[in-house]
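What follows is a short report on a single structure.
In this text the structure is predicted, and so the values were computed from the model without any measurement. Protein chains get the first letters and strands the later ones, always in sequence-line order, with residue 1 at the start of each.
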Amino acid sequence: MDFKVVEAKWQKFWEEHPELYWADDNIVKKKKYILVEFPYPSGSGLHVGHAFSFTGSDVYARFKRMQGYNVLFPMGWDAFGLPTENYAIKTKRKPQEVTKENTDMFRGQMKRLAYSFDWGREINTTDPNYYRWTQWIFIQLFNKGLAYKKEMPINWCPSCKIGLANEEVVDGKCERCGSEVERRTISQWVVKITEYADKLLSGLQKTDFIDKVRQAQINWIGKTSGVTIDYPIVDSNKTISCYSTRPDTNFGATFVVIAPEHERVMELTTEENKTTVEDYIKKSRKKSDMERTELQKEKTGVFTGSYCVNRLTGKKMPIWVSDFVVLTAGTGVVVGVPAHDQRDYDFAKKHNIEIIPVIVPKDGSNWDFGKGPYLNIDDALVTNSTFLNGMTAVKAKEKIINYLEEKKWGERSSNYHLRDWIFSRQHYWGEPIPMIYCKKDGWQPVLEKDLPIVLPEVEAYEPSEDGKSPLSKIESFLKCKCPICGGDAQRETDTMPNWAGSDWYYMAYCLVKKLKTNIEANDTFTDIFSDSQKELKKWCPVDVYVGGDEHNTLHLLYSRFIYLFLYDLGVLPKEIPEPYYTRISHGVILGSDNQRMSKSKGNVIVPETVADKFGVDVLRLYLMFMGPFEGTMAWNENTLMGVKRFLDRFYLYIDNQYNLNTDSSISSKVIISKTILGVSRDMESFGYNTAVAKLMEAINTMDKLGRSDLMILIKLMAPMAPYMAEELWEKIGGDGSVHQSEWPVAELKYLREDEVTLPVAVNGKVRGEIKIKNDMIQKIDEVIAMAKSLEKIKEWIDGKTIIREIYVSGKMVNLVVKE
RNA sequence: GCCGCUGUGGUGAAAUUGGUAUACACGCCAGACUUAAAAUCUUGUGGUAGCAAUACCGUGUGGGUUCGAUUCCCGCCAGCGGCACCA
């Protein structure tokens with residue numbers, strides 16, 4: 001088979017028949033929404049990771065279509081982002097143009113690799129018709145009080161010249177470029193995702209994510225529960241609040257520590273400590289997050305001069321400042337119980353603070369507090385704590401929280417690892433945040449009729465040292481009128497983070513036809529949403545969401561949040577509380593040296609090159625055969641050659657007999673039925689490696705087949721090798737496109753074998769086998785008698801006593817003997 | 001430290017979820033075709049012993065449950081991924 005000729009032929013055919021892969025909004029048929037993460041269209045084209053996940057998803061989509069589902073399998077472009085902006089700056093071109101080129105390239109490559117996307121639903125996050133919706137969503141967040149402007153210390157990447165979300169900082173370095181991140185204080189838009197922490201947590205129960213993903217989400221949200229305790233400040237009528245998950249140890253509290261960035265630090269600092277505290281704050285501000293965590297053994301800190309009172313014991317506790325306390329965790333102030341917390345212990349030791357044990361081992365043994373804190377919770381009893389004495393730590397925690405609440409000294413509360421979401425980016429190539437600042441009216445959202453706020457075409461997009469967005473230098477963009485008073489006002493010049501466009505793209509695919517609807521005077525976006533209930537109800541939730549592990553926390557959480565928010569807003573169908581039903585995480589392909597592919601290592605495999613050399617079908621089949629879909633596996637040219645051999649053999653096998661007038665032999669019929677069953681089951685669970693193995697086995701063991709069974713084989717092959725299947729389907733005279741043919745169903749009569757081979761074991765070790773007719777399966781005594789009469793078995797049981805005879809119906813016989 | 005995952009031939013990996021361990025593929029050995037090579041095809045291929053039938057051992061490791069464990073339970077070892085001074 002000359003794959004180049006065949007590919008060209010069918011590519012043309014598919015191009016002329018896009019309806020093959022259209023999802024139908026109107027037809028009454030069971031639906032399947034199969035979503036694969038849309039790519040960032042970089043200048044280097046589709047890489048092998050894309051090819052892998054797209055092929056896996058495509059095989060599933062084709063399989064489901066053939067099974068009679070109305071399949072929605074869309075594709076689009078997550079096209080805002082720094083690489084394009086940087087590239088545009090370097091080449092002095094417009095990001096819009098560069099994006100257009102890149103998406104054209106990606107689309108072409110995808111079509112060549114035969115992905116059966118519904119191209120009628122293509123979306124692009126940089127299309128103003130798309131991002132006006134992204135902007136509209138932001139306005140809804142603002143209107144509900146979930147988006148607010150705040151002076152915030154941010155993670156600043158000096159190389160990208162951009163503020164980064166906490167999530168984008170890895171090991172104190174910029175996730176993209178690897179430069180050391182600095183701290184800067186900038187006024188930023190922040191989205192209160194924390195308000196949805198509990199809903200994001202409980203909503204997980206309505207999904208069927210794989211455990212790994214579910215756990216990742218739970219850990220990321222990181223809910224703990226405890227109590228916020230107010231400690232009165234000495235010589236003041238104020239209090240200071242600390243969050244604690246271990247109030248059961250609170251009788252042992254001896255000091256309080258406040259984070260250096262905390263707004264109340266100076267208020268607590270007495271005159272004589274002012275200079276030392278100020279010095280300390282300055283020093284710790286200079287430290288990057290990296291340094292702060294690197295130096296974790298050394299618990300530095302200074303005394304503020306103030307004290308507060310532990311009302312449980314009446315003890316005066318000194319208030320210290322230390323950068324081991326994280327401002328954004330809890331209240332940013334920590335109560336120190338050195339006897340039962342490693343960090344508190346280290347701090348107390350260093351600064352000579354009293355250590356009071358209040359938890360002891362249950363078994364009465366002595367703990368040497370000179371060596372370290374006692375951290376055990378399970379086998380511990382409370383002591384030295386008046387009314388808590390003798391209780392287990394768990395019981396004491398409940399009791400003390402109730403007590404503190406009664407006394408109004410504290411309040412039961414929860415804390416989350418999840419942080420509010422910094423939404424501002426000081427860059428050009430992103431969605432403009434649709435807000436206006438008026439001196440008189442403050443921050444106001446852009447009126448719906450004025451959406452989208454389109455990115456102006458600019459000459460220079462370089463980010464600047466002052467950290468301001470390039471848009472701030474464009475007068476015509478900056479200046480505007482206040483939507484309330486009509487007076488002079490200024491536009492927000494920050495743009496949105498990359499996540500914004502991908503937060504709701506799976507919904508956009510459903511209502512793609514309405515995305516461009518004109519907003520008339522009386523129309524609103526909400527109206528269009530309401531008008532789209534039919535489409536949303538039709539397709540959502542996403543049945544299978546295929547993506548990479550790297551998006552299991554952030555993207556998945558952000559987009560779930562946006563969905564839950566819009567759901568509460570009432571614009572989404574009531575019966576669909578979560579956007580994604582299942583999540584499949586695809587594996588990673590390493591270079592042939594078992595290392596991550598990278599240009600510097602020279603181990604990059606380009607899918608197009610492989611397709612040029614061996615054909616698309618070989619590439620696709622090989623990707624599916626490499627190993628389990630979720631696994632990490634290395635590229636191996638030898639295995640690829642094996643797959644090529646198989647495809648050649650498969651083609652010849654059909655080509656040699658499709659016009660012979662033979663009938664299938666019974667044994668071949670049996671193999672065909674088993675293969676149908678096995679391949680279908682494997683495809684259902686993304687077990688493509690074993691699906692291919694079963695097809696290989698079939699070809700290896702089968703003799704001549706009749707026409708209808710050859711057609712079945714072609715169909716089974718169609719999702720993975722779409723070109724060859726289409727070619728063979730035409731040869732054999734099948735109707736239309738093989739991809740619209742019906743998925744075969746195994747014939748039960750061939751699956752029912754009339755003879756079963758049973759292994760016979762003695763003491764669990766297989767020593768022989770018997771063949772029994774089907775109607776014998778239930779006859780226990782006869783089967784066991786047969787087993788015992790086997791010559792080979794006799795050798796093992798003669799002269800011994802059979803103490804047990806086990807017959808697992810239709811499975812095996814086991815005889816337990818004793819000397 | 002916390003959470004999650006993985007460990008099976010020379011290699012990538014299977015095993016219908018407790019019932020013949022190593023399917024399928026690569027690699028390797030031998031053979032056929034060829035002047036030769038490549039390609040293709042055929043046979044063999046977990047280890048040890050044996051000419052052989054066969055026997056014993058064998059799924060990281062040590063225990064346990066069971067007639068029977070790659071599969072379930074407990075401990076350990078190694079590796080991978082994520083989070084981490086979160087109070």
Does [X] put a side-chain nitrogen or oxygen below 4.0 Å from OP1 or OP2 of [N]?
{"X": "R214(A)", "N": "C3(B)", "value": "no"}
{"X": "R596(A)", "N": "C80(B)", "value": "no"}
{"X": "N636(A)", "N": "G27(B)", "value": "no"}
{"X": "K765(A)", "N": "C57(B)", "value": "yes"}
{"X": "N689(A)", "N": "A13(B)", "value": "no"}

Dump the intermediate steps for ring pair (Phe, Tyr, Trp, His ring centres under 6.0 Å) on H417(A) and W220(A), then the final yes or no.
CA-CA 7 Å; H417(A) 175 237; W220(A) 195 267; 5.7 Å; yes

Roughly, in whole Å, what's the span from [atom1] in [X] to [atom2] in [N]?
{"X": "Y807(A)", "N": "G68(B)", "atom1": "OH", "atom2": "P", "answer": "20 Å"}
{"X": "E550(A)", "N": "C83(B)", "atom1": "CD", "atom2": "C1'", "answer": "16 Å"}
{"X": "I793(A)", "N": "U20(B)", "atom1": "CD1", "atom2": "P", "answer": "15 Å"}
{"X": "M641(A)", "N": "G12(B)", "atom1": "CE", "atom2": "P", "answer": "21 Å"}
{"X": "I221(A)", "N": "C3(B)", "atom1": "CD1", "atom2": "P", "answer": "18 Å"}
{"X": "I218(A)", "N": "G4(B)", "atom1": "CD1", "atom2": "P", "answer": "10 Å"}
{"X": "F646(A)", "N": "U40(B)", "atom1": "CZ", "atom2": "P", "answer": "15 Å"}
{"X": "M812(A)", "N": "C67(B)", "atom1": "CE", "atom2": "P", "answer": "14 Å"}

When rounded to the nearest Å, what value does the distance between [atom1] atoms of [N] and [M] take?
{"N": "G47(B)", "M": "A37(B)", "atom1": "C1'", "answer": "36 Å"}
{"N": "G10(B)", "M": "G46(B)", "atom1": "C1'", "answer": "10 Å"}
{"N": "A38(B)", "M": "C29(B)", "atom1": "P", "answer": "12 Å"}
{"N": "G12(B)", "M": "C83(B)", "atom1": "P", "answer": "27 Å"}
{"N": "U6(B)", "M": "C72(B)", "atom1": "P", "answer": "10 Å"}
{"N": "U61(B)", "M": "G7(B)", "atom1": "P", "answer": "13 Å"}
{"N": "C73(B)", "M": "C57(B)", "atom1": "C1'", "answer": "26 Å"}
{"N": "U59(B)", "M": "G4(B)", "atom1": "C1'", "answer": "23 Å"}

Does the pair [X]/[Y] count as a salt bridge with the N-to-O cut at 4.0 Å?
{"X": "E637(A)", "Y": "K613(A)", "result": "yes"}
{"X": "K283(A)", "Y": "D323(A)", "result": "no"}
{"X": "K694(A)", "Y": "D682(A)", "result": "yes"}

When you measure from the side chain of [X], which nucleotide among [options] comes out closest?
{"X": "R804(A)", "options": "C67(B), U20(B), A25(B)", "result": "C67(B)"}
{"X": "K792(A)", "options": "A87(B), C83(B), U54(B)", "result": "U54(B)"}
{"X": "N638(A)", "options": "C26(B), C41(B), G4(B)", "result": "C26(B)"}
{"X": "R767(A)", "options": "A13(B), A55(B), C57(B)", "result": "A55(B)"}
{"X": "D323(A)", "options": "U20(B), C85(B), C24(B)", "result": "C85(B)"}
{"X": "W796(A)", "options": "C24(B), G19(B), C56(B)", "result": "C56(B)"}
{"X": "N814(A)", "options": "G68(B), A87(B), A84(B)", "result": "G68(B)"}
{"X": "R645(A)", "options": "C67(B), C26(B), U16(B)", "result": "C26(B)"}
{"X": "Q215(A)", "options": "G19(B), A23(B), G4(B)", "result": "G4(B)"}

Sort out for me which residue in V610(A), L647(A), T55(A), N636(A) forms a side-chain contact (heavy atoms from CB on, under 4.5 Å) with Y622(A).
N636(A)

In terms of base orientation, is G50(B) syn or anti, with the syn window spanning 90° either side of 0?
anti

With a 3.5 Å cut-off and heavy atoms only, can you find an N or O donor on one side and an acceptor on the other between the side chain of N219(A) and the base of C3(B)?
no

base_contact_polar (C24(B) base, K694(A) side chain, donor-acceptor, <3.5 Å):
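Under the 3.5 Å cut-off, the side chain and the base do not form any donor-acceptor pair.
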
Face-on cation placement of K299(A) at F347(A) ring, 6.0 Å and 45° thresholds
no

T701(A) or K811(A): which one's nearest nucleotide on RNA chain B is closer to the 5' end?
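It is K811(A), whose closest nucleotide lies nearer the 5' terminus.
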
Between P628(A) and V334(A), just flag the one whose closest nucleotide in RNA chain B comes earlier from the 5' side.
P628(A)

Does a side chain donor of either T194(A) or D420(A) reach within less than 3.5 Å of an acceptor in the other side chain?
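Yes - a donor-acceptor pair under 3.5 Å links their side chains.
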
